[in-house]
Number of protein chains: 2
Amino acid sequence: MKRASIKDIARIAEVSVATVSYVLNKKEGSRISEATKTRILDVAKSINYTPNKIAKSLKMNKTKLIGLIVADISNDFYSNIARNIEDEAMKLGYTLLIGSCDENPEKFKKLTELFSEQQVDGMIIAPVVDSDEAINKLIQEEYPIVTIDRYLKNVSLPGVMINNSEISEQICDHLVKKDFDEIIYVGYNTELPHLLDRQDGFDQRIAKSDISAKRILIGIHNITEEVHQKMQENLDLSKKTAIYFSSNKLGIAGLRYLIDHSISVPEQVSLVAFDETEAYYLFPTEVSFVQQPLYDMARESVKLLDNQINDYTTNGKRVTFHAKFMERSSVK
Amino acid sequence: MKRASIKDIARIAEVSVATVSYVLNKKEGSRISEATKTRILDVAKSINYTPNKIAKSLKMNKTKLIGLIVADISNDFYSNIARNIEDEAMKLGYTLLIGSCDENPEKFKKLTELFSEQQVDGMIIAPVVDSDEAINKLIQEEYPIVTIDRYLKNVSLPGVMINNSEISEQICDHLVKKDFDEIIYVGYNTELPHLLDRQDGFDQRIAKSDISAKRILIGIHNITEEVHQKMQENLDLSKKTAIYFSSNKLGIAGLRYLIDHSISVPEQVSLVAFDETEAYYLFPTEVSFVQQPLYDMARESVKLLDNQINDYTTNGKRVTFHAKFMERSSVK
DNA sequence: CTGAAAGCGCTTACAG
DNA sequence: CTGAAAGCGCTTACAG
């Protein structure tokens, strides 16, 4: 697998490597004669030349590589975000490196180091709990970074997010108006700001009502088991109940519980879930869900990062998108 | 974002860059004195040195990068394969570049070019229809490649696959013995060898029985619509019927049809699907499915590729794994 | 219109 | 025990 280099082209076309480089990069500015130009192009084609991006990167001090660190790539939300980011990155000439840290700060740190060694021009990250140290190091090095989905409480990095609190309030409002005896919020026991926002929005609306509300908060591991156990303990079918699952993982676990216990939706219990996932569509009832504008978020994140790369600034702006409540038939 | 280089270390520690390089790469062979060694390491740490892999790659003529081209990353099968490959690649010191060509040969070709320019040491690919040209070019350049899941009819590339024909025959045998009036095979109208194998295995077993069989073959786009339409036309609930969905996408579309039409499984119709996906678990009946040994396949593919990289050979061996039929309650 | 030369950050065979 | 130097494949300011 010996690859042709511009040196080879230069030798065969009997010109200098400089000239080859100019022609190949279309930087001649009409300086090079048509004859040499076509000769060079022909030779390049005939020996199957492909540029060595590594060499170019070294010289140019930029790789046109972007690193993406998601919290969990097996989550449909993140895999869809990744696809959209890849498309957008490509449009701006970047190649995307994808890493999943699986909510593990050690793995998060390792990925930042890996990407850094790989000389990525910047990173799009979804911070996980305890990833602050690794992130601060990047900030200190003035590494271009942009957050997505999640954000940091104490640091103002540029990033994209949704109106978590607001949309939760809307959902809750919708449920409150339907006159349920009880509304159950299913969320995570976590410090992640965007998730606390979802909880806050819900709480605020509940506070203004006189409806009884319960909170089921679970750890980030063993989601299925914990959701099942807590639903067992908290779901009282003698009451007219609505459940709000604040993530797709929680939603899937909850739907699974309802299937296993033959609880029919929305006859016996109503529900709303966060995010969209293919799995919702195999549930016997159409699931009402919160849809995030993935494409717009992906596009904006790449744009923000590109800006950071071209002109580094410390006070990044955070862009908030509006999630959309898609009403289906799972709420009665 | 000015990064420290070994030159900086050399200057501060007052040694040559050669010495720094030896120490950093632990290639001293006890040649360097402990004093200089620790001095260099201390300086490296204090100025936050991270090696520039780009420079190293250029010099060493290898990047420790592997490219993975899957047919469709939004398919759970491929995203799980990708995760497993990433883990295995990491173990051997490789970083994984992931690309999804979405069954599009143009995109496939573009990804091979992108990866090639990025100087990946090798590629793991799932060939799509009409990708032969791009693949032949790689072969001609003696680029280390390994196929996964799918394989090529006319070229013997090293690769991993499952016993498609055999497992289909087993499934069919299982259904034949249950004495259905009719068995429907749902597959793709395609030339992809591994899918034709699935069909062949089914056909062979049917031929030895006297059960009526139907084939529903659909195009690779608009899966949901086509499956719905053809099931509408072909499903006769007055007969005792079993359906065999030969991919997870087909399975999901089919399950969706059954949900939409309130057809109960296995009471009114029995079914088996290929591959595992989270969505199956939200279906009211536990779905019997074919499980592929993803981890083993991923590991073997990386191993085969690593072998190719270290010692290129043209006659690659193909490794076949055994898929497993997981019987649940969707067949009566 | 074209080329010689420096340099990006590394590694390593060679010399001392 | 340590260093000078060449070279990986490019780009580009400069000279002619």
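Here is the naming used below: chain letters follow the sequence lines, and residue numbers restart at 1 for every chain.
Of the side-chain N and O atoms in A:K7, none sit less than 4.0 angstrom from OP1 or OP2 of D:dG7. The phosphate of C:dT11 (OP1 or OP2) has a side-chain N or O of B:K56 nearer than 4.0 angstrom. The side chain of B:N25 places an N or O atom within less than 4.0 Å of a non-bridging phosphate oxygen (OP1 or OP2) of C:dT11. Under 4.0 angstrom from either OP1 or OP2 of D:dT2 there lies no side-chain N or O belonging to B:T19. The side chain of A:K37 places no N or O atom within less than 4.0 Å of a non-bridging phosphate oxygen (OP1 or OP2) of C:dC1. Phosphate proximity of D:dC1 to B:T36: absent, as no side-chain N or O sits under 4.0 Å from OP1 or OP2.
The distance from atom CD1 of B:I32 to atom P of C:dT12 is 14 Å, rounded to the nearest whole Å. Per the geometry, NZ belonging to A:K62 stands 18 Å off C1' belonging to C:dG9, to the nearest Å. A:I9 places its CD1 atom 11 Å from the C1' atom of D:dG9, with the value rounded to the nearest Å. Computed from coordinates, the B:D121 CG to D:dC8 P distance equals 18 Å when rounded to whole Å. As rounded to whole Å, 13 Å separates atom C1' of D:dT11 from atom CG of A:N52. Computed from coordinates, the A:I40 CD1 to D:dC10 P distance equals 14 Å when rounded to whole Å. For the pair B:R39 CZ and D:dC1 P, the computed distance is 14 Å after rounding to whole Å. As rounded to whole Å, 13 Å separates atom C1' of D:dC10 from atom CG of A:D8.
Across all strands, B:S5 comes closer than 4.0 Å only to sugar-phosphate atoms, never to a base (heavy-atom distances). Heavy atoms of B:S57 sit nowhere under 4.0 angstrom from any nucleic acid atom. When heavy atoms are screened at a 4.0 angstrom cut-off, B:K53 is found touching no nucleic acid atom at all.
At distances below 3.5 Å, not a single donor-acceptor pair connects side-chain atoms of B:S21 with backbone N or O atoms of B:V17.
Using N1 to N3 plus N6-O4 or O6-N4 for Watson-Crick, or N1-O2 and O6-N3 for G-U wobble, each under 3.5 Å, D:dA15 pairs with C:dT2.
More than 12 heavy atoms of other residues, nucleotides or ligands shown are found within 6.0 angstrom of NZ on B:K64. Counting heavy-atom neighbours within 6.0 Å of B:K110 NZ, excluding the residue itself, gives a total of 12 or less.
With D:dG3, C:dT11, D:dC10 as the choices, the nucleotide that has an atom nearest any side-chain atom of B:S16 turns out to be D:dG3. Distance from the side chain of A:Y22 is smallest to D:dT12 among C:dC10, D:dT12, C:dC8. In this structure, the nucleotide among D:dC1, C:dT11, D:dG9 sitting nearest to the side chain of B:S33 is D:dC1. For A:V15, the side-chain atoms get nearest to C:dG3 when compared with the rest of C:dC8, C:dC10, C:dG3.
Between B:A18 and B:A55, the residue anchored closer to the 5' end of DNA chain C is B:A55, taking for each the nucleotide with the nearest heavy atom. Comparing A:K59 and B:M60 against DNA chain D, the residue whose closest nucleotide sits nearer the 5' end is B:M60. Map B:E14 and A:I6 each onto its nearest nucleotide of DNA chain D; the residue landing nearer the 5' end is B:E14.
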Pair A:E34, A:K37 - check salt bridge (charged side-chain N to carboxylate O under 4.0 Å, His left out), show working. CA-CA 5 Å; A:E34 276 305 319; A:K37 204 155 43 172; 3.2 Å; yes
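Salt-bridge formation is detected for the pair B:D8/B:R11: a Lys NZ or Arg NE/NH1/NH2 atom is positioned less than 4.0 Å from an Asp or Glu carboxylate oxygen.
In this structure the side chain of B:T95 never reaches within 4.5 angstrom of the side chain of B:K53, judged on heavy atoms.
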